[in-house]
S.K.: 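This is the structure I have questions about; it appears just below.
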Amino acid sequence: MVGGALEDLVHWRGETARLVRAVRRDGGTTTVTFTRAHAAAAAARVADGTASPRELVDWAQAVHFEEWVDFEAGHEDLLTQFLFEISTPELCEPVTAELCRRWLGDLRASSAHRASGATRTNPAP
């Protein structure tokens, strides 16, 4: 069942390449909702050193390009921006523990600004 494999990917329960293979093998018919909690848990792994920036980039790319992933209502822009920025460090900024700590703050702050339309801005390099 793809829900299980896709849930494992969105929750980052294991090695990304293995998770992607499982999703591809199982096909797709069940949508999984990507939430601020998923994004925060992933960013926290780099912020606390339990995952490398490269692992986070790979995971974000996999989630970002999976067609059966939907976004938490009211936070679509924030979550899309998170996945885009993390999955394309060559276009945005390198993924570092500091960047992940900033994202953690933004993801937590969005709870107070639910559906306000406010978006994250990057500081000038």
Side-chain angles (χ1 to χ4, degrees):
M1 174 173 143
V2 77
L6 189 53
E7 282 282 342
D8 286 345
L9 174 64
V10 168
H11 284 275
W12 198 1
R13 296 181 188 133
E15 193 263 325
T16 300
R18 182 189 59 75
L19 295 169
V20 169
R21 282 191 302 274
V23 170
R24 299 293 178 264
R25 179 188 63 236
D26 294 346
T29 57
T30 304
T31 301
V32 172
T33 301
F34 181 67
T35 68
R36 288 168 293 138
H38 296 122
R45 291 174 73 167
V46 172
D48 70 14
T50 57
S52 73
R54 181 73 243 170
E55 290 172 308
L56 180 60
V57 169
D58 292 344
W59 171 83
Q61 287 173 347
V63 173
H64 191 198
F65 293 109
E66 181 53 52
E67 70 178 284
W68 293 98
V69 171
D70 199 2
F71 294 97
E72 179 180 8
H75 299 283
E76 297 88 349
D77 290 345
L78 178 71
L79 293 168
T80 299
Q81 185 174 356
F82 171 80
L83 288 176
F84 177 76
E85 289 185 17
I86 296 299
S87 68
T88 58
E90 66 280 4
L91 298 177
C92 298
E93 68 179 286
V95 175
T96 63
E98 176 56 33
L99 174 66
C100 290
R101 283 190 286 277
R102 287 195 318 256
W103 267 111
L104 284 168
D106 292 344
L107 291 161
R108 290 176 183 140
S110 74
S111 295
H113 303 286
R114 184 172 178 91
S116 71
T119 58
R120 179 180 178 278
T121 58
N122 285 330

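Not measured: the values here are computed from a predicted model.
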S.K.: Are the side chains of Leu91 and Phe84 in touch, meaning some heavy atoms are under 4.5 Å apart?
M.R.: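 Yes, side chains in contact.
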S.K.: What is the distance from atom CZ of Arg21 to atom CG of Leu9, rounded to the nearest 0.5 Å?
M.R.: 12.0 Å
S.K.: Within the distance-only criterion (no hydrogens, no angle test), does the side chain of Glu85 pair as donor or acceptor with the backbone N or O of Cys92 below 3.5 angstrom?
M.R.: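 Between the backbone of Cys92 and the side chain of Glu85 there is no qualifying donor-acceptor contact (under 3.5 Å).
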S.K.: Are Cys100 and Val95 packed together at the side-chain level, in the sense that at least one heavy-atom pair is separated by less than 4.5 angstrom?
M.R.: yes
S.K.: Answer whether the closest heavy-atom distance between the side chains of Arg13 and Arg18 falls below 4.5 Å.
M.R.: no
S.K.: Less than 4.5 Å apart, side chain to side chain, heavy atoms only: is that true for Thr96 and Leu99?
M.R.: yes
S.K.: Measure the CD-CH2 distance between Gln81 and Trp103 for me, rounded to the nearest 0.5 Å.
M.R.: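 Taking CD in Gln81 and CH2 in Trp103, the distance rounds to 4.5 Å.
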S.K.: Mind checking whether Phe34 and Trp59 have parallel, tilted or perpendicular rings, split at 30° and 60°?
M.R.: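 If you compare the ring of Phe34 with that of Trp59, the planes turn out tilted.
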S.K.: Side-chain contact test, heavy atoms from C-beta onward, threshold under 4.5 Å: evaluate it for Val23 versus Trp68 and give yes or no.
M.R.: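 No, too far: nothing below the 4.5 Å cut-off.
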S.K.: So does Trp12 get a backbone contact from the side chain of Arg45, meaning a donor-acceptor N/O pair under 3.5 Å?
M.R.: yes
S.K.: Atom CG of Asp58 and atom CD of Glu15: how far apart are they, to the nearest 0.5 Å?
M.R.: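 Answer for the CG-CD pair, Asp58 versus Glu15, is 8.5 Å.
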S.K.: Please tell me if the side chains of Leu6 and Thr30 come closer than 4.5 Å, counting only heavy atoms from C-beta onward.
M.R.: no
S.K.: I'd like to know if Glu93 pairs up with Arg102 as an ion pair, taking the criterion as any Lys NZ or Arg NE/NH1/NH2 lying under 4.0 Å from an Asp or Glu carboxylate oxygen.
M.R.: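 Yes, Glu93 and Arg102 are salt-bridged.
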